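Step one of this worksheet: look at the structure below.
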There are 2 protein chains.
Amino acid sequence: MATGRNHRPATRSRGIPEATVARLPLYLRALTALSERSVPTVSSEELAAAAGVNSAKLRKDFSYLGSYGTRGVGYDVEYLVYQISRELGLTQDWPVVIVGIGNLGAALANYGGFASRGFRVAALIDADPAMAGKPVAGIAVQHTDELESIISDNGVSIGVIATPAGAAQQVCERLVAAGVTSILNFAPTVLSVPDGVDVRKVDLSIELQILAFHEQRKAGEEAEAAASRKGPDGDMPAVMPA
Amino acid sequence: MATGRNHRPATRSRGIPEATVARLPLYLRALTALSERSVPTVSSEELAAAAGVNSAKLRKDFSYLGSYGTRGVGYDVEYLVYQISRELGLTQDWPVVIVGIGNLGAALANYGGFASRGFRVAALIDADPAMAGKPVAGIAVQHTDELESIISDNGVSIGVIATPAGAAQQVCERLVAAGVTSILNFAPTVLSVPDGVDVRKVDLSIELQILAFHEQRKAGEEAEAAASRKGPDGDMPAVMPA
DNA sequence: ATGTCTTTGTGAACGCGTGCACAAAGATGG
DNA sequence: CCATCTTTGTGCACGCGTTCACAAAGACAT
């Protein structure tokens, strides 16, 4: 993935493949939606369609967690929600700090998807003294000087970096020194961290560049196909309006 | 990727592996930094360190593009910047529309990483009539009604969806019907699109959940190691109270 | 021109992830 | 209790991606 997969060499954590872990939140979201509609059970086929994956893959993914399905019936929605939540560690409360309260940081602070999944924004931190005390998403921004005490007072182990690229590595080092062991990095930089610290990267510009590559390829193939009336391979799909 | 990889079944586009394409922007960024420091050449070892990857992987990646290096010396920075830019399609101008100008949409509009890489924000679109005309990042927001005409007038082929989850699929369908063939989706939903349309997904909540999983595992291993000095089987994780 | 030294480019092996296809398991009806 | 039908769980094969290790290639000094 977006990104940013590949942050671990090849560590298979407790038998659950990394690729499976990355899909569990996807299943969880689909299951939560079913739960809200009071659907009691769901088959692997239905759930796979809702999550946008192959049903065999989904069944294999679940098989790593245990045998939670009933043959001939499917999976119990509520039970599965609980099991996946537990496996992902979402049954406990994760205090999170966001460093860098610019446009992106503010957007993250306001993002509803955090609170609903066991994540609690413990603090917003910015280096600009003018920001200190200003409320963003109902939380007063604190100055970078407070970083270390905030982390240790709240027992924060997950940090989000939304600073400019130039500040990211330094912020990262302070976070790690203060006890943070998982970092979600939005700054367009490669962070270097000691062993035992997980980093996941989200890079908006990179995603767009990948799209541009495919877009260019499509345009190229099109021109190519238009030029030669007789294409040897006919794998160009007709674009159907949804 | 994060993120969000795996949006294509297994299509190897024009001989260049998908995994390689995803890393090209990373190399490009490192090379651009070197270029700004007027470094003339760089070895695969140095560049790999700057990009945070294995040097053998980097060389193999470049080998898909051609033989652009000089043995005994390394790679010419400027030349490589050009070649990768061309391969990614960044030598041309890509007009982009952003739909959904909330916190996140505004952050994206203000994000500097777009303009510097051949992407031009052609329009900001929001469904709220109260937003229409309001300038965000120096561009006046336009109403959703204008969506189709904006797309066709500007020849937009890349769209960014930053709407709430409920609106995403509908917006997506309108974008596709109007001619967009690449979509970057920030809404927490699985978009269904016709063949020929690329979708990349960035999901903030999913990234955090993956971090939480590893965080929990780290905490579990720690507790396990502390509790049992010599455990016979170590596959049963101690369930920690929430 | 020749030898040495550095660094690229790649052949080959390995491991992970994916998807097919099917047997095992349980529900359901008679 | 038995037959049938649905759906899970998984053995297996295949392909992609990663990494090692080394031969080929060029720079540079003598």
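Residue numbers start from 1 in every chain, and the chains themselves are labelled A, B, ... in the order their sequence lines are given, proteins ahead of strands. Remember, predicted model here, so these are calculated numbers, not experimental data.
- Residue Tyr64(A) places no side-chain N or O under 4.0 Å from the OP1 or OP2 atom of dC16(C).
- For residues 160-170 of chain A, the pairs satisfying side-chain hydrogen bond (donor to acceptor under 3.5 Å, both in side chains) are Gln169(A)-Glu173(A), with sequence neighbours left out.
- Lys57(A) has its NZ atom 17 Å from the C1' atom of dA21(C), to the nearest Å.
- For the pair Leu47(A) and Leu34(A), the minimum side-chain heavy-atom distance is below 4.5 Å.
- By the 4.5 Å heavy-atom criterion applied to side chains, Leu65(B) and Ile16(B) are counted as neighbours.
- In terms of modelled atom types and a separation under 3.5 Å, the side chain of Ser35(B) and the main chain of Leu31(B) share no donor-acceptor contact.
- A donor-acceptor contact under 3.5 angstrom links the side chains of Ser205(A) and Gln209(A), judged on distance only.
- Between Glu18(A) atom CD and dT18(C) atom C1' there is a gap of 16 Å when expressed in whole angstrom units.
- Rounded to whole Å, atom C1' of dT8(D) lies 13 Å from atom CG of Leu80(A).
- Phe186(B) meets the ring pair (Phe, Tyr, Trp, His ring centres under 6.0 Å) test with no other residue; sequence neighbours excluded.
- Atom CG of Leu58(A) and atom C1' of dT8(D) are 11 Å apart (whole Å).
- Rounded to whole angstrom, the span from the CG atom of Leu65(A) across to the P atom of dG9(D) amounts to 10 Å.
- Less than 4.0 Å separates DNA chain C from no heavy atom of any residue of residues 27-41 of chain A.
- Here the closest non-hydrogen pair linking Lys201(A) and Thr189(A) is CD-O, 4.1 Å.
- Heavy-atom distances under 4.0 Å link DNA chain C to no residue of residues 49-56 of chain B.
- Here Phe62(B) lies out of heavy-atom contact (under 4.0 Å) with every strand.
- The nucleotide whose nearest atom lies closest to any side-chain atom of Pro17(A) is, among dT10(D), dG17(C), dT18(D), dG17(C).
- In this structure, of dT18(C), dT8(D), dG17(C), it is dT18(C) that holds the atom nearest to the side chain of Arg23(A).
- A donor-acceptor pair under 3.5 Å links the side-chain atoms of Arg29(B) to the main chain of Pro188(A), judged by distance alone.
- No hydrogens or angles were tested; on distance alone, a donor-acceptor pair under 3.5 Å links the side chain of Lys60(A) to the base of dG19(C).
- Note: CZ (Arg59(B)) to C1' (dC20(D)) measures 10 Å, nearest angstrom.
- Under the rule for a ring pair (Phe, Tyr, Trp, His ring centres under 6.0 Å), the partners of Tyr79(B) that lie at least two apart in sequence or sit in another chain are Tyr68(B).
- In the set dT10(D), dG9(C), dG17(D), dG17(D) carries the atom at the smallest distance from any side-chain atom of Ala19(B).
- One can place CG of Asp61(B) at 13 Å from P of dT10(C), the figure rounded to the nearest angstrom.
- Taken from CD in Gln92(A) to CD in Gln216(B), the straight-line distance is 5.5 Å, to the nearest 0.5 Å.
- In the model, Asp61(A) has a side-chain atom that pairs as donor or acceptor with a side-chain atom of Thr20(A) under 3.5 Å.
- Put simply, the side chain of Glu18(B) reaches to within 4.5 Å of the side chain of Ile210(A), judged on heavy atoms.
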**Complete:** Protein heavy-atom contacts under 4.0 Å, written 5' to 3' over nucleotides 24-29 of chain C as B (base), S (sugar-phosphate only) or - (none), form the string BB-S--

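- Distance CD (Glu45(A)) to P (dT8(D)): 8 Å, rounded to an integer number of Å.
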